[in-house]
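Data block below; observations after.
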2 protein chains.
Amino acid sequence: MKARKDGKETRERILASACSVFAEKGFRDATVVEICKLAGANVAAVNYHFRDKSSLYLAVWQHSAAEESRLYPVDGGVPREATPERRLAGIVGSLVRRLGDQGTLGYFQKLKIMEMAMPTGIIWEVVREYREPFRDNLKRVIREMLGSGAADADVERCERGVVGQCMVVKEALREPFSTRTPDRMSARDFEEWTAHIVRFSIAGIRAIRNHVKNRR
Amino acid sequence: MKARKDGKETRERILASACSVFAEKGFRDATVVEICKLAGANVAAVNYHFRDKSSLYLAVWQHSAAEESRLYPVDGGVPREATPERRLAGIVGSLVRRLGDQGTLGYFQKLKIMEMAMPTGIIWEVVREYREPFRDNLKRVIREMLGSGAADADVERCERGVVGQCMVVKEALREPFSTRTPDRMSARDFEEWTAHIVRFSIAGIRAIRNHVKNRR
DNA sequence: AATCTTTTGAAATGGCCATTTGAAGTGTAT
DNA sequence: ATACACTTCAAATGGCCATTTCAAAAGATT
């Protein structure tokens with residue numbers, strides 16, 4: 001009946017603050033007080049708009065996952081008919097460009113790493129839903145490149161390897177594991193990383209293809 | 001003057017419990033009460049033997065890092081005179097075998113991932129000390145394989161890629177990112193992963209070498 | 001303007017947890 | 001045996017934080 005707009009506004013301010021605070025501190029170390037202070041809202045607003053901290057966290061994930069697959073599609077914008085090599089480049093480009101997102105999505109990468117390292121258990125469903133199409137797509141590309149002789153395990157290992165290479169681009173370059181500040185990475189840097197990973201991986205996958213052929 | 005042995009014993013029981021509890025829950029979510037209960041000791045014992053929770057965490061890292069470089073040397077047991085390819089295999093083998101350690105060290109890999117995702121700031125010094133020789137060694141191997149035309153950035157990217165591939169072997173295969181249970185991986189599985197990563201990476205590095213040559 | 005509903009605010013509640021405290025217990029040395 | 005330092009213990013302390021509560025404020029509807 002009575003739809004007030006100010007309510008939705010603070011809801012979104014809180015969601016935005018929650019994104020950055022959760023990403024900075026993790027689910028456990030982020031406090032509701034801090035999120036609300038950043039949003040210029042009262043603590044009770046979290047209860048009112050989201051029920052509790054966990055549900056707020058879930059909302060952050062749902063929002064971010066949806067936004068991410070909108071801005072960085074799983075195919076990287078490369079058409080399905082393209083060669084597998086070009087499609088691989090599209091996928092890696094998407095993965096790496098996400099890391100450099102300066103807007104609402106750069107933080108989400110950190111959130112994902114944290115969740116991988118110490119699962120809260122709150123967002124399993126979301127992850128499965130948004131990750132499965134991505135993995136399936138990447139596996140399909142790799143399977144084409146490997147040829148018919150490849151086993152599922154071969155595909156899986158290559159897929160893991162590609163993702164692993166992309167993951168460390170930014171996250172592993174932090175204290176205490178590095179003294180570099182990855183926040184300084186430019187768009188050019190990300191392009192170079194993408195090109196590197198694609199070149200490296202294409203050669204790697206071909207080597208596995210050859211090995212598989214000789215194995216039989 | 002008066003050195004009692006029972007003191008050292010509970011100290012070590014607490015240290016052992018701390019290893020597993022910290023690895024299971026992370027620094028923040030692990031509680032002193034739980035650690036002590038597992039160790040069969042009183043809460044105050046942490047204060048007495050380690051000063052506080054942070055120092056206990058530090059002690060866990062110092063212990064684990066020392067143990068790790070003892071059991072899994074940075075060169076993987078391959079002599080310095082061996083070909084870079086063989087030395088690479090030694091390094092990757094060390095990295096991957098660590099993941100499968102069933103003893104006191106399997107947990108430490110989780111701890112490292114957590115610290116990478118959400119640094120506590122407590123153990124920076126330890127990480128730098130134990131990681132630098134490892135990275136230097138790996139970079140040296142890769143530089144040899146890349147040839148003299150390679151820039152530092154090329155070496156760095158390859159090095160990151162190799163480490164990234166190793167990292168995801170176990171950690172990324174967990175809920176919610178996978179439904180596999182990596183605890184079931186056998187020694188054979190780890191060998192296959194090692195062989196895969198080595199083959200993949202040698203081909204990748206060669207491709208980068210060729211590209212670098214043509215670039216000039 | 002009067003009324004209803006949505007939204008906000010400040011303070012209170014209750015739980016969890018690291019750390020402290022001071023006394024009691026225990027091995028070691030004289 | 002006695003004294004002494006080392007070690008353990010149970011209970012208290014104090015801080016932090018999510019969540020609740022209930023009254024006040026304010027948009028919407030008539």
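Chain identifiers are assigned alphabetically (A, B, ...) following the order of the sequence lines, protein sequences preceding nucleic acid strands; residue numbering begins at 1 within each chain. These numbers come from the heavy atoms of this one structure, side chains and all, not from hydrogens, waters or symmetry mates.
Evaluation of the side-chain contact (heavy atoms from CB on, under 4.5 Å) rule for B:A23 yields B:Y107, B:L111 as partners, not counting sequence neighbours.
Look at CD1 on B:I14: it is 13 Å from C1' on D:dC9, rounded to the nearest Å. Rounded to an integer number of Å, the gap from CG of A:D6 to C1' of C:dT8 is 9 Å. For the pair A:D29 CG and D:dG15 P, the interatomic distance rounds to 20 Å; values are reported in whole Å. Between the C1' atom of D:dC17 and the CG atom of A:L56 lies a distance of 15 Å, rounded to the nearest Å. What separates CZ of B:F22 from P of C:dC17 is a distance of 13 Å, to the nearest Å. Distance B:Y48 OH to D:dA10 P: 17 Å, rounded to the nearest Å. For the pair A:E12 CD and C:dT8 P, the interatomic distance rounds to 12 Å; values are reported in whole Å. The CZ atom of A:R11 sits 14 Å away from the C1' atom of C:dT7 (whole-angstrom rounding).
Using modelled atom types and a 3.5 Å distance limit, the side chains of A:E68 and A:Q109 yield a donor-acceptor pair.
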Donor-acceptor contacts under 3.5 Å from residues 33-47 of chain A side chains, at least two apart:
{"residue": "A:E34", "atom": "OE1", "partner": "A:K25", "partner atom": "NZ", "Å": "3.4"}
{"residue": "A:E34", "atom": "OE2", "partner": "A:K25", "partner atom": "NZ", "Å": "3.4"}
{"residue": "A:N42", "atom": "OD1", "partner": "A:A44", "partner atom": "N", "Å": "2.9"}

Side-chain donor-acceptor pairs under 3.5 Å in residues 70-80 of chain B, sequence neighbours left out?
{"residue": "B:R70", "atom": "NH2", "partner": "B:E67", "partner atom": "OE2", "Å": "2.9"}
{"residue": "B:Y72", "atom": "OH", "partner": "B:D101", "partner atom": "OD2", "Å": "2.6"}
{"residue": "B:D75", "atom": "OD1", "partner": "B:G77", "partner atom": "N", "Å": "2.9"}

Restricting to nitrogen or oxygen on both sides, can you table the protein-nucleotides 18-25 of chain C pairs closer than 3.5 Å?
{"residue": "C:dA18", "atom": "OP1", "partner": "B:A30", "partner atom": "O", "Å": "3.3"}
{"residue": "C:dA18", "atom": "OP1", "partner": "B:V32", "partner atom": "N", "Å": "3.4"}
{"residue": "C:dA18", "atom": "OP1", "partner": "B:K53", "partner atom": "NZ", "Å": "3.1"}
{"residue": "C:dA18", "atom": "OP2", "partner": "B:V32", "partner atom": "N", "Å": "3.0"}
{"residue": "C:dT19", "atom": "OP2", "partner": "B:K53", "partner atom": "N", "Å": "2.9"}
{"residue": "C:dT20", "atom": "OP2", "partner": "B:N47", "partner atom": "ND2", "Å": "2.8"}
{"residue": "C:dG25", "atom": "N2", "partner": "B:R4", "partner atom": "NH1", "Å": "3.3"}

All N/O contacts under 3.5 Å from nucleotides 12-14 of chain D to the protein, with atom names and distances to one decimal?
none

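The phosphate of D:dT8 has OP1 or OP2 within less than 4.0 Å of a side-chain N or O from B:T10. Taking only side-chain nitrogens and oxygens, A:H49 never comes nearer than 4.0 Å to OP1 or OP2 of C:dT6.
Note on ring orientation: taking the six-membered ring where Trp is involved, the planes of A:H196 and A:W193 are perpendicular (angle over 60°, cut-offs 30° and 60°).
With values rounded to the nearest 0.5 angstrom, B:L99 atom CG is found 9.0 Å from B:T194 atom OG1. In this structure, CZ in A:R98 is found 7.5 Å from OG in A:S69, a value given to the nearest 0.5 Å. Going from atom CG of A:N137 over to atom CD1 of A:I142 covers 10.0 Å, rounded to the nearest 0.5 Å.
Pairs passing the ring-ring contact (aromatic ring centres under 6.0 Å, His included) check and including a residue from residues 23-56 of chain B, sequence neighbours excluded, read B:F22-B:F27, B:F27-B:Y57.
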